[in-house]
J.: 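One structure, as structure tokens, below. Some questions next.
Positions are given from 1, in the same order as the sequence printed here. Remember, it's 1-based here, ligands and their atoms both numbered in the order they're listed. This one's a predicted model, so the numbers in the text were calculated from it and none came from an experiment.
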Amino acid sequence: MTTAPSTDIALSLRDITVRFGGVCALDQVTIEVPKGKISGLIGPNGAGKTTLLGVASGLQQVDSGQILLEGQDLTGARPQRFARARMARTFQQPQLVPELDVRQHVLLGLRLSRGDGPAGRAGELEVADRLLAELGLAEVSRRGPMELPLGLRRLVEVAQCIASDPRILLLDEPSAGLNRAETQAFAAIVSRLAADRGIAVLLVEHDMDLVLEISEQLFVLDFGELIAAGPTAEVTSDRRVREAYLGVLKEPA
Ligand SMILES: Nc1ncnc2c1ncn2[C@@H]1O[C@H](COP(=O)(O)OP(=O)(O)OP(=O)(O)O)[C@@H](O)[C@H]1O
Ligand SMILES: [Mg+2]
């Protein structure tokens, strides 16, 4: 039996299993990420969060399961095809090119969506500069990424992703190493991007304040198993989730 494709779902991962030798990093995990909203993916160290982002971006092969991006079956496809299907991601350690300045990173992202020919290049500097201004990076646009503090490097990676005009953005622990103010600023930018551009965001995050504040729904992984999924308020009052995060989550109001 096949399920009719649901139009409000950006990304479906169905019955995903990934094993590394004896370790079952993901055990028949199914999640559906809605369009235009932020979904949080939480769980303790080693729960399988990064592995799941790898599956969703084509970098990690699955032992079984199915991957649908806006209804298109990409199971077994190469990462380039995921990118063409307008999937973008950031990494736990920002993946930037030391030789390129900030604006050149954004131009690379733009060329991914527009093509590298003359038509793609027309007006690209203006578009890049507008995006850099929107993300608060205008003043550092001609600097190299390695000269920048980590918080700005993470934003450069996001800017490059946004320039590629994604339908889905995967963020792997974007607040790690940021202070409170930087985290707040980052949260505001991601919320705005989801709302204004209709981008589906899947956010892996250890900072519970951040993830609970901006996620409309949550997925909770524990040792490769999905133990809870649903609207944020419901998931945070779930007993198993509270036990897995004892002392981390506040009492429900
Ligand atoms: N390439 C790999 N080879 C072997 N084992 C791996 C590999 N990648 C991940 N694992 C194992 O799979 C499990 C899930 O790892 P994963 O990195 O997805 O967890 P995570 O939830 O992202 O953790 P963290 O919060 O520490 O980033 C862990 O037991 C990890 O050791
Ligand atoms: Mg991880």
J.: Verify, without hydrogens or angle tests, whether Thr232 (side chain) and Ser215 (backbone) share a donor-acceptor contact under 3.5 angstrom.
T.: yes

J.: For atom 15 (O) of ligand 1, which protein heavy atom lies nearest, and how many Å away is it?
T.: Thr51 OG1, 3.8 Å

J.: Give the residue and atom name of whichever protein heavy atom lies nearest to atom 14 (C) of ligand 1, and the separation in Å to one decimal.
T.: Gly46 O, 3.3 Å

J.: Can you list the steps and then say if Gln66 with Thr75 is a side-chain hydrogen bond (donor to acceptor under 3.5 Å, both in side chains)?
T.: CA-CA 5 Å; Gln66 192 185 29; Thr75 314; 5.1 Å; no

J.: Heavy-atom contacts with Ala25 under 4.0 Å: which atoms of ligand 1 show up? List them by number with element.
T.: 12 (O), 13 (C)

J.: List every atom of ligand 1 that sits less than 4.0 Å from any heavy atom of Gln92, numbering the atoms from 1 in the order shown and giving each element.
T.: 27 (O)

J.: Tell me the protein heavy atom at minimum distance from atom 9 (C) of ligand 1, and give that distance in Å.
T.: Phe20 CE1, 3.5 Å

J.: Kindly check if the number of other-residue, nucleotide or ligand heavy atoms within 6.0 Å of CZ (Phe223) is above 12?
T.: no

J.: Gly43: heavy atom below 4.0 Å from ligand 1, yes or no?
T.: no

J.: Just go through Leu52, Asn45, Asp172 and tell me whose heavy atom is the nearest to atom 26 (O) of ligand 1.
T.: Asn45

J.: Which ligand 1 atoms, with their elements, are less than 4.0 angstrom from a heavy-atom of His206?
T.: 25 (O)

J.: Just checking: Thr51, one of its N/O/S atoms, less than 2.8 Å away from the Mg ion (ligand 2), yes or no?
T.: no

J.: What is the closest protein heavy atom to atom 25 (O) of ligand 1, and at what distance does it sit?
T.: Lys49 NZ, 2.7 Å

J.: Within this structure, what is the CG-CD1 distance for the pair Leu137 and Ile189, rounded to the nearest 0.5 Å?
T.: 7.5 Å

J.: With heavy atoms under 4.0 Å as the rule, classify the contact between Thr50 and ligand 1 as side chain, backbone, both or neither.
T.: both

J.: Could you list the atoms of ligand 1 found under 4.0 angstrom from a heavy atom of Glu173?
T.: 25 (O), 27 (O)

J.: Testing the basics here: between Gly40 and Val211, what is the closest heavy-atom pair and its distance to 0.1 Å?
T.: CA-CG2, 3.8 Å

J.: Taking it one step at a time, do Leu202 and Ile31 satisfy side-chain contact (heavy atoms from CB on, under 4.5 Å)?
T.: CA-CA 11 Å; Leu202 182 59; Ile31 69 169; 4.1 Å; yes

J.: Looking only at atom types and distance, does a side-chain atom of Gln95 sit under 3.5 Å from a main-chain N or O of Gln93, one as donor and one as acceptor?
T.: yes

J.: Take atom 30 (C) of ligand 1 and look for protein heavy atoms under 4.0 Å from it; say yes if you find one, no if not.
T.: no

J.: Between the Mg ion (ligand 2) and Thr50, is there an N, O or S atom separated by less than 2.8 Å?
T.: yes

J.: Which of the numbered atoms in ligand 1 are below 4.0 angstrom from a heavy atom of Val23?
T.: 29 (O)

J.: With the threshold set at 4.0 Å, does a side-chain nitrogen-carboxylate oxygen contact exist between Glu124 and Arg114?
T.: no

J.: Hey, is the main chain of Pro231 close enough, under 3.5 Å, to the side chain of Glu234 for a donor-acceptor pair?
T.: no

J.: Less than 4.0 angstrom from a charged side-chain N to a carboxylate O is my criterion; do Asp165 and Arg86 meet it?
T.: yes

